[in-house]
Structure formats: structure tokens, C-alpha cells
Amino acid sequence: MSIIEIRPARLDDAAEMLAIYAPYVLETTVSSEYVPPDMQEFCRRIQTFSEKLPWLICEIDGKPAGYGYASPHRTRAAYQWSVETSIYVAPDFHRHGIARALYSALFELLRMQGYYNIYVGITSPNERSIKFHKAMGFIISGAYQNSMYKFGQWRDVLWMGKQLREYEGKPQPTVPFPELCGTALCKRVLQEAMTKIHL
């Protein structure tokens with residue numbers, strides 16, 4: 001029986017996560033980057049974003065199967081309750097519920113932190129990703145027409161959003177993820193997410 005673990009990512013996971021991400025850059029339009037970041041830059045991203053937001057890694061029998069994280073949607077103060085999320089799954093682990101499990105954990109952790117909105121940008125066409133995000137509760141918010149040029153073609157980026165909580169009253173400051181990480185609540189969320197994976 002396989003051992004499944006979803007846990008907060010660490011800097012020493014960077015090389016393995018970058019190995020998952022690099023093919024998305026080089027071979028697909030999922031990423032808007034042309035060249036994968038080097039290790040220093042990738043570590044900088046993990047370190048910078050995880051000061052406030054969760055980065056999660058999924059391991060199957062000790063092997064990295066995928067990872068997901070949240071990043072700021074915009075940097076100005078009025079946007080501080082909204083984030084963007086990204087999920088990347090290794091090719092050998094597609095169609096096992098890993099993306100769904102990582103998303104489920106991120107949604108609950110971000111809600112517990114006090115965030116209200118999650119947004120994702122999907123390079124068009126990508127019907128599989130759109131269908132998946134709709135199943136995860138996202139709705140189409142709009143599109144940036146011909147805003148991305150990759151592999152010799154102009155492409156639209158479709159934006160989808162998901163509401164995490166009701167818009168009632170003045171929002172409270174969000175809780176940095178390091179304050180939640182390691183708590184019994186966080187561990188429960190990660191354990192429940194693992195049950196969504198099927199091998």
C-alpha cells in the first residue's frame with residue numbers, strides 16, 4: 001500500500017518541485033515563462049511567498065508527485081484578501097486526484113487564514129483545466145484577450161475566481177501561514193486532503 005503525504009513545502013524540496021515545474025515552462029502554455037527559473041530564483045519565490053501563504057507538496061512513497069501554492073493576486077493594500085493559486089503535478093501522477101487534493105487543502109487553509117477570493121489565470125484553449133476548475137467551484141470572471149505570446153502564437157488568458165467566505169463587514173487582517181502551519185487544525189486539513197487521492 002502506497003504512503004501518501006501532503007505537507008508544507010520546505011526549501012530543501014525546491015529541486016524536486018522545480019523538476020516538476022520546468023517541463024510546464026518548456027513544453028506547455030500553462031506557464032507564461034519562457035525559461036525555467038534557476039534554483040536561486042525558485043528558492044526566492046518559495047521563501048518570499050511562504051512568509052504569508054501556503055506552499056504544499058504531495059509525496060507518494062517519498063517521491064514528489066505534485067505541489068501547489070498561493071501567491072498575492074495584487075500587491076496594493078486593497079487586494080490583500082485575494083490570492084492566486086497554482087498546481088503542478090508530475091506526469092506519472094496525473095489522474096489520481098492529486099490536484100484536487102492539493103486544491104482542497106489550499107482552499108481550507110486560505111479560508112482559515114482569512115482570505116476571501118482565489119483567482120486562477122488559464123491560458124486558452126485549455127478545456128480540461130477549465131472543466132476541472134469549474135468542478136472545484138470556480139466561475140469564469142473574464143479574459144485578457146491576446147495578452148500572452150508563446151510558441152509563436154498570441155493567446156487569451158481566461159480568469160476564473162472562487163469565493164472562500166461571505167463578504168460581510170470589514171475584513172480582518174489575514175493570519176500568516178507560518179502561524180497556522182504545524183497546528184492541529186492545519187494537520188487535520190492536510191490529512192483530510194490526502195483521502196481524496198486514489199492510486
Side-chain angles (χ1 to χ4, degrees), residues 4-9 30-32 45-58 66-89 96-124 126-145 147 156-198:
I4 300 170
E5 183 178 20
I6 296 177
R7 60 171 174 79
V30 169
S31 170
S32 58
R45 295 179 190 182
I46 297 171
Q47 200 158 23
T48 300
F49 294 148
S50 61
E51 288 177 359
K52 291 186 177 180
L53 295 162
W55 276 61
L56 304 177
I57 187 169
C58 175
Y67 71 96
Y69 64 93
S71 56
H73 176 58
R74 294 287 187 273
T75 57
R76 293 186 178 179
Y79 290 107
Q80 66 186 281
W81 294 276
S82 296
V83 298
E84 295 179 27
T85 51
S86 298
I87 302 283
Y88 298 98
V89 178
H96 291 291
I98 291 168
R100 182 179 296 274
L102 286 166
Y103 254 151
S104 297
L106 283 173
F107 294 165
E108 183 61 18
L109 293 172
L110 290 164
R111 188 193 65 77
M112 290 165 61
Q113 287 181 262
Y115 290 96
Y116 282 73
N117 306 296
I118 296 174
Y119 297 103
V120 293
I122 301 170
T123 309
S124 183
N126 192 337
E127 288 303 318
R128 180 179 169 188
S129 183
I130 293 169
K131 183 178 179 181
F132 169 71
H133 282 89
K134 283 182 176 178
M136 295 300 296
F138 286 81
I139 61 171
I140 294 174
S141 303
Y144 294 165
Q145 288 82 12
S147 59
D156 295 349
V157 176
L158 181 75
W159 284 91
M160 301 184 74
K162 179 180 175 68
Q163 178 183 336
L164 293 175
R165 57 175 62 237
E166 295 299 321
Y167 306 110
E168 296 176 350
K170 182 179 178 181
Q172 298 300 307
T174 56
V175 177
F177 182 64
E179 294 183 18
L180 185 63
C181 182
T183 66
L185 281 174
C186 180
K187 291 176 182 177
R188 176 183 59 78
V189 168
L190 299 180
Q191 287 285 343
E192 288 180 0
M194 291 178 220
T195 66
K196 301 181 184 301
I197 296 173
H198 49 87

Taking the side chain as everything from C-beta on, heavy atoms only, tell me whether L56 gets closer than 4.5 Å to L190. yes
Sidechain-backbone polar pair: S50 side chain, L53 backbone, donor-acceptor under 3.5 Å: no
In short, salt bridge (Lys or Arg N to Asp or Glu O under 4.0 Å) pairs touching residues 101-117 with sequence neighbours left out are E108-R111
After noting the C-alpha distance and the side-chain angles of I118 and M160, does the key distance pass the side-chain contact (heavy atoms from CB on, under 4.5 Å) rule? CA-CA 8 Å; I118 296 174; M160 301 184 74; over 6 Å; no
Sub-4.5 Å side-chain heavy-atom contact between Y67 and S86: no
Under 4.5 Å between any side-chain heavy atoms of P54 and F49, yes or no? no
Worked check of side-chain contact (heavy atoms from CB on, under 4.5 Å) between K134 and I130: CA-CA 6 Å; K134 283 182 176 178; I130 293 169; 3.9 Å; yes
Taking all atoms of both residues into account, what is the closest heavy-atom pair of A193 and I6, and its distance? CB-CD1, 4.0 Å
Do W159 and Y144 have ring centres separated by under 6.0 Å? yes
Backbone N/O of R165 and side chain of Q163: donor-acceptor pair under 3.5 Å: yes
Steps toward side-chain contact (heavy atoms from CB on, under 4.5 Å) verdict (V157, I122): CA-CA 5 Å; V157 176; I122 301 170; 5.9 Å; no
Nearest non-hydrogen partners of Q113 and L180, listed with the distance: CG-CD2, 4.1 Å
Measure the acute angle between the ring planes of Y103 and F132, then classify it against the limits of 30° and 60° as parallel, tilted or perpendicular. parallel
Does the cation-pi check pass for K162 over Y119, that is, NZ or CZ under 6.0 Å from the six-membered ring centre and within 45° of its axis? no
Could you check whether R188 pairs with E192 (Lys NZ or Arg NE/NH1/NH2 to Asp/Glu carboxylate O, under 4.0 Å)? yes
Please check if any side-chain donor atom of N117 sits under 3.5 Å from a side-chain acceptor atom of Y79, or the reverse. no
Determine, step by step, whether Y115 and V83 satisfy the side-chain contact (heavy atoms from CB on, under 4.5 Å) criterion, reporting the C-alpha distance in whole Å, the side-chain angles of both residues, the deciding distance to 0.1 Å, and the verdict. CA-CA 8 Å; Y115 290 96; V83 298; 3.6 Å; yes
Mind telling me whether F138 and H133 have parallel, tilted or perpendicular rings, with 30° and 60° as the class edges? perpendicular
Between H73 and E84 (side chain of the first, backbone of the second, donor and acceptor by atom type, cut-off under 3.5 Å), is there such a pair? no
Has the side chain of W81 got a donor or acceptor atom that lies under 3.5 Å from a matching backbone atom of Q172? yes
